[in-house]
Amino acid sequence: MITLYQFPPAFGLPNASPFCLKLELYLCMTGLPYRNRYTLELHKAPKGKLPWIDDDGTAVADSGLIIVYLKGKYGDTLDHALTPVQRATALAITRLLEEHLYWTVLHDRWVSAAGWELTRPGFFGAMPWPLRVIVPIVARRGIRAELRGHGMGRHAPEQIHALGIADVDALATLLGEQEYFLGSQATSVDAVAAAFLANILMVPLETPIKLAAAAHPNLVAYCRRMAQRYFPEGYSPR
């Protein structure tokens, strides 16, 4: 049995980390049996980050590398028929989401005042005192440093929003009238895209990037379609 270690649910989603939600969506899409273990103990994770899995004693970290591992062990039921162009397109979409759009969302949640009012209780509210006072301060300081190191945190908020809006506009163009990002069948890139879009569209935080995404009916319909298909009882944790 695969044990999925991830953050506790927040903001009405199975996970407010798009990387954790991406991996749980992938497991749902492939039908692989798994169980959730919710945790905030990053020091116990193999690479100090979540998610990670324990597959009957084999620990694997990093959502992308976990999917590579799962494909190798259990077969590639989602992507086996993709063409080289489709594989390249999926990689480009994944990189846009994980290496660029992600940082704009991170800024809005952790740096902006409105985002921090949501993030602090959502992520740390269940911690015992005094941890729920100390840990958020340390975590926010760390996220600010990561944003600056990446480069996104060196921009003004309006510049960050412009970059994120360009990303969601590109995603809407790439999706077009298709049911899924690579056509009529869901593939592993949809686990990535749906997780990130849900963490923009389905989180109760109004930002320019969310407003831009909501202005694309195809992205809104896609997000709802993925939620209804793989979490038929609603976006709620198992």
Side-chain angles (χ1 to χ4, degrees), residues 1-28 33-55 59-64 66 97-98 101-147 153 191-192 194-207 209-210 223-224 226-228 230-238:
M1 170 71 76
I2 298 166
T3 302
L4 170 58
Y5 290 85
Q6 60 175 326
F7 293 109
F11 307 154
L13 294 175
N15 213 284
S17 160
F19 295 98
C20 292
L21 182 52
K22 157 194 169 181
L23 186 53
E24 185 163 9
L25 272 169
Y26 180 83
L27 290 167
C28 290
Y34 71 97
R35 59 190 172 193
N36 277 315
R37 290 290 183 271
Y38 298 117
T39 181
L40 293 173
E41 297 178 315
L42 299 183
H43 64 282
K44 292 185 177 180
K47 295 187 178 182
K49 290 188 174 183
L50 297 174
W52 65 281
I53 64 167
D54 182 329
D55 183 21
V60 189
D62 182 274
S63 62
I66 292 169
L97 289 160
E98 296 187 350
L101 182 60
Y102 166 71
W103 294 95
T104 70
V105 174
L106 204 65
H107 172 272
D108 278 339
R109 287 189 182 180
W110 289 80
V111 177
S112 75
W116 186 237
E117 286 183 6
L118 179 72
T119 298
R120 182 169 185 160
F123 284 11
F124 307 106
M127 284 185 166
W129 190 90
L131 291 180
R132 68 172 176 267
V133 175
I134 299 170
V135 173
I137 295 171
V138 175
R140 192 184 194 196
R141 185 182 301 133
I143 293 294
R144 285 180 181 271
E146 288 184 17
L147 279 160
V192 188
F196 276 80
L197 287 170
N199 267 280
I200 294 172
L201 287 166
M202 295 184 171
V203 169
L205 176 63
E206 301 306 312
T207 71
I209 298 170
K210 179 179 179 178
C223 205
R224 290 174 178 165
M226 287 292 291
Q228 290 166 359
Y230 296 109
F231 289 84
E233 297 180 356
Y235 256 168
S236 57
R238 290 188 172 190

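Throughout, numbering of the chain's residues begins at 1 and tracks the sequence. Note that these values count all heavy atoms, side chains included, but never hydrogens, waters or copies made by symmetry.
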Checklist entry - What distance separates Arg35 CZ from Leu27 CG, expressed to the nearest 0.5 Å? => result 13.0 Å
Checklist entry - Closest approach of Gly122 and Ala10, non-hydrogen atoms and distance? => result O-CB, 3.8 Å
Checklist entry - Can you find a heavy atom in the side chain of Met127 that is under 4.5 Å from one in the side chain of Val135? => result yes
Checklist entry - So, Tyr26 versus Tyr230, ring centres under 6.0 angstrom or not? => result no
Item to check | pair Pro136-Phe123: side-chain heavy atoms closer than 4.5 Å | outcome: no
Item to check | Within-4.5 Å side-chain heavy-atom neighbours: Arg109 and Trp116 | outcome: no
Checklist entry - Which distance, rounded to the nearest 0.5 Å, do you find between the CH2 of Trp52 and the SG of Cys20? => result 12.5 Å
Item to check | Test log, rule side chain to side chain contact (heavy atoms under 4.5 Å, CB included), inputs Phe7 and Leu42 | outcome: CA-CA 9 Å; Phe7 293 109; Leu42 299 183; 3.9 Å; yes
Next on the checklist: Any non-hydrogen side-chain atom of Leu97 less than 4.5 Å from a side-chain atom of Lys22?
Outcome noted: no
Checklist entry - Quick one: which of Asn15, Asn36, Leu40 gives a side-chain contact (heavy atoms from CB on, under 4.5 Å) with Pro8? => result Leu40
Checklist entry - Could you state the interatomic distance from CG (Leu23) to OH (Tyr34), rounded to the nearest 0.5 Å? => result 9.0 Å
Checklist entry - Looking at Leu106, Thr104, Val105, which one forms a side-chain contact (heavy atoms from CB on, under 4.5 Å) with Tyr102? => result Leu106
Checklist outcome for this item: Interatomic distance, SG@Cys223 vs CG@Asn199, rounded to 0.5 Å, equals 9.0 Å
Checklist entry - If you look at every heavy atom in Pro14 and Glu24, which pair is closest and at what distance? => result CB-OE1, 4.0 Å
Checklist entry - Less than 4.5 Å apart, any side-chain heavy atom of Glu98 and any of Phe19? => result yes
Next on the checklist: For Tyr5 and Glu41, which I'm curious about, is there any donor-acceptor pair between the side chains at under 3.5 Å?
Outcome noted: no
Checklist outcome for this item: The reported gap from OG in Ser112 to CD in Glu117 (rounded to nearest 0.5 angstrom) is 9.0 Å
Checklist entry - Do you know the tightest heavy-atom contact between Ala227 and Met202? => result CB-CE, 4.2 Å
Item to check | Lys210 side chain reached by Leu205 side chain, heavy atoms, under 4.5 Å | outcome: no
Checklist entry - Any side-chain heavy-atom pair from Ile209 and His107 closer than 4.5 angstrom? => result no
Checklist entry - Does Arg144 CZ have over 12 foreign heavy atoms under 6.0 Å away? => result yes
Next on the checklist: Distance check, rounded to the nearest 0.5 Å: Thr39 atom OG1 versus Leu4 atom CG?
Outcome noted: 11.5 Å
Next on the checklist: I'd like to check Phe124 versus Arg140 (side-chain heavy atoms, cut-off strictly below 4.5 Å). Are they in contact?
Outcome noted: no
